[in-house]
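Here the structure comes first, spelled out in structure tokens, and everything after it is commentary.
Below, chain A is the first sequence line, B the second, and so on; all start at residue 1. As the structure is a computational prediction, the values presented were derived from the model and not from experiment.
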Amino acid sequence: MEQRDYFEDVYDVVRLIPAGRVTTYGAIARYLSLRAGARMVGWAMNAAHGRDVPAHRVVNRIGVLSGKHFFGNPTAMQDLLTAEGIEVKDDRVVKFSEVLWDPATELA
DNA sequence: ATATTGACTATCA
DNA sequence: TTGATAGCCAATA
């Protein structure tokens with residue numbers, strides 16, 4: 001069971017996210033030209049456990065920590081983001097537009 | 001093989 | 001503004 005397909009492509013992009021920045025599922029999907037769409041990026045993250053993938057830096061399009069519940073401890077994701085300088089309030093990234101790291105724009 | 005679900009997004013009411 | 005609906009693709013409850 002080697003999902004060495006777009007899964008690893010997603011992981012690679014997520015690893016490129018600088019600390020103190022976040023990105024969205026749609027941005028990754030769009031950058032990789034994934035036919036799959038944003039949902040599969042989230043699914044790839046599900047398999048990202050055990051890898052060096054900072055999935056806590058990946059949020060949905062409005063900056064909501066939609067995947068925090070998958071970190072074992074619901075507060076783990078928020079704590080990680082806060083530790084990196086990202087302000088999180090009510091499960092949502094504060095100043096989301098400022099900390100947003102879009103690979104299609106930043107990485108080009 | 002079919003139906004349901006999902007760490008999403010865009011559009012419409 | 002929020003809420004509902006559709007589109008999208010892959011894995012499986």
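- For the OP1/OP2 pair of B/dC8 and a distance below 4.0 Å, the side-chain nitrogens and oxygens of A/Thr24 include no atom meeting the criterion.
- Between A/His69 atom NE2 and B/dC8 atom P the separation is 13 Å, expressed in whole Å.
- For A/Arg39, the side-chain atoms get nearest to C/dC8 when compared with the rest of B/dT9, C/dC9, C/dC8.
- Both A/Val59 and A/Leu100 belong to a common hydrophobic cluster when Ile, Leu, Val, Met, Phe, Trp and Tyr are linked at side-chain heavy-atom distances under 4.5 angstrom.
- Comparing B/dA7, C/dC8, C/dC9 against the side chain of A/Phe70 picks out B/dA7 as the nearest.
- A/Phe71 and A/Gly67 get closest at one heavy-atom pair: CD1-O, 3.2 Å.
- Other residues, nucleotides and ligands place more than 12 heavy atoms under 6.0 Å from the CZ atom of A/Arg21.
- Between A/Arg61 and B/dA10 there is a side-chain N or O to OP1 or OP2 distance below 4.0 Å.
- At the heavy-atom level, A/Ala29 lies nowhere under 4.0 Å from the strands shown.
- As rounded to whole Å, 17 Å separates atom C1' of B/dA7 from atom CZ of A/Arg57.
- Comparing B/dA7, C/dC9, B/dT9 by their closest approach to the side chain of A/Ser66 singles out B/dA7.
- Of the listed nucleotides (C/dC8, C/dA11, B/dA7), B/dA7 has the atom at the smallest distance from the side chain of A/Asn46.
- Pairing partner, B/dT2: none, since no Watson-Crick or wobble contact has both distances short of 3.5 Å.
- Counting non-hydrogen atoms under 4.0 angstrom, A/Gly42 reaches a base of the nucleic acid.
- Here A/Asp91 pairs with A/Lys68 in a salt bridge; the nearest charged N to carboxylate O distance falls below 4.0 Å.
- The side chain of A/Ala36 has C/dC9 as its nearest neighbour among B/dC8, C/dA11, C/dC9.
- A/His49 comes within 4.0 angstrom of a nucleotide base, judged by non-hydrogen atoms across all strands.
- In summary, the side chains of A/Gln78 and A/His56 do not present any donor paired with an acceptor at a separation below 3.5 Å, with no hydrogens or angles considered.
- Rounded to whole Å, the distance from OH on A/Tyr25 to P on B/dT9 is 8 Å.
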